[in-house]
**Q** 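Can you keep this structure in mind? I'll have questions shortly.
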Amino acid sequence: MEIILIGAQGSGKGTQAAMLAQALGIPHIASGDLFRKEIEEETEIGRKAREYLDRGELVPDDVTIAMVLKRLQEADCVPGVLLDGFPRTIAQAEALDKGLPELGKKVDAVVYLNVPREELLQRLAGRYICRAHQHVYNIYTRPPREAGRCDLDGSELYQRSDDVGEAVQRRLDIFFTQTIRLLDYYYQQEKVVEVDGNQSIELVQRALVEGVRKHLNA
Ligand code: ADP
């Protein structure tokens, strides 16, 4: 079961992905998390990716595609995977359509979490994530019990450097000009499940699980 989740920055994609992956019993693989780990561990990929992340730009396709396809070959991905943040360009989608069959897999569904742009900026301004496991909070809409600490693991909460300033606008611009084009690509393959992301976390979650189940059974 290979599922792709597409949503703009601040759409609630990360929060929903974690819950959906758990409901479906498959790992949640987020390309941004993979990059941040490579950067923290100071690997070759991390060295190449760092400047792009800091500016809020896309990392070049060759680096990104190689990193994600390698991750998909690990043992935990055998039952399937929920991909979050990848693909983001047509070239990445094509590379995935080429690489998955070699692993005996294909893309089964593409979920689009639709949230209007005005709403996204406000959500991003309040977003904090935890150091240990990237659990997501929002100081306005979903604050932690204790300020600055993760409810789940007690680690420190921090604001991503690309959630502030110009990098936010740049990431949203890229999403609405480039990533959004992926929807056409997958609509042509009749794989898109669209969910209204502008409602409560619980309602979005329910719509997501129902939408995916219905699509997979169709
Ligand atoms: P967001 O989607 O909120 O910007 P992510 O954590 O998904 O955050 O990604 C953070 C950064 O990692 C992106 O701004 C980009 O620099 C890089 N990145 C993640 N996924 C990709 C991808 N599929 N292609 C290119 N760059 C990526």
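Keep in mind that this is a model prediction, so the values were computed, not measured. When a ligand or atom number is given, it counts from 1 through the structure's own listing order.
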**Q** Heavy atom under 4.0 Å from ligand 1: found in R160's side chain, backbone, both, or neither?
**A** side chain

**Q** What protein heavy atom sits nearest atom 24 (N) of ligand 1, and how far away is it?
**A** Q92 NE2, 2.9 Å

**Q** Using heavy-atom distances only, which candidate in L120, L124, T64 approaches atom 22 (C) of ligand 1 most closely?
**A** T64

**Q** Tell me whether the guanidinium CZ or amine NZ of R50 lies under 6.0 angstrom from the six-membered ring centre of Y52 and within 45° of its axis.
**A** no

**Q** Who's the nearest protein heavy-atom neighbour of atom 11 (C) of ligand 1, and how far?
**A** L53 CG, 3.6 Å

**Q** Please determine if D163 and R171 form a salt bridge, counting it only when a charged side-chain N lies under 4.0 Å from a carboxylate O.
**A** yes

**Q** With distance as the sole test, does R88 use its side chain to make a donor-acceptor pair with the main-chain N or O of G85 at under 3.5 Å?
**A** yes

**Q** Look only at interatomic distance and state if F35 has a nitrogen or oxygen under 3.5 Å from any nitrogen or oxygen of ligand 1.
**A** no

**Q** Whether the Q189 and D97 side chains hold a donor-acceptor pair (N or O, under 3.5 Å, no angle test) is what I'd like checked.
**A** yes

**Q** Which protein non-hydrogen atom lies closest to atom 26 (N) of ligand 1, naming both residue and atom, and how far is it?
**A** V59 N, 3.0 Å

**Q** Mind listing the closest non-hydrogen atom pair of Q159 and L124 along with its distance?
**A** NE2-O, 4.3 Å

**Q** Within the 4.0 Å heavy-atom shell around R36, which atoms of ligand 1 are there?
**A** 6 (O), 10 (C)

**Q** Can you confirm, on distance only, whether ligand 1 has an N/O atom lying under 3.5 Å from any N/O atom belonging to G85?
**A** yes

**Q** Could a heavy atom of R55 be found less than 4.0 Å from some atom of ligand 1?
**A** no

**Q** Take Y187 and E194, measure what side-chain hydrogen bond (donor to acceptor under 3.5 Å, both in side chains) needs, and give me the verdict at the end.
**A** CA-CA 10 Å; Y187 265 117; E194 190 163 333; 3.0 Å; yes

**Q** Nearest protein heavy-atom contact for atom 3 (O) of ligand 1: which residue, which atom, what distance?
**A** R171 NH2, 2.7 Å

**Q** Hydrophobic cluster membership, with links at side-chain heavy-atom distances under 4.5 Å among I/L/V/M/F/W/Y: are V209 and I4 in one?
**A** no

**Q** Which of these, Q178, R127, R88, has its nearest heavy atom closest to atom 19 (C) of ligand 1?
**A** R88

**Q** What I'd like to find out is whether the side chain of I26 reaches to under 4.5 Å of the side chain of L82, using heavy atoms alone.
**A** yes

**Q** For atom 16 (O) of ligand 1, tell me which residue out of E57, R50, R170, K13 has the closest non-hydrogen atom.
**A** E57

**Q** Using only atom types and a distance under 3.5 Å, with no angle test, would you say the side chain of R149 pairs donor to acceptor with the backbone of G154?
**A** yes

**Q** Minimum distance, heavy atoms only, to atom 20 (N) of ligand 1: which one of P87, S31, A8 is it?
**A** S31

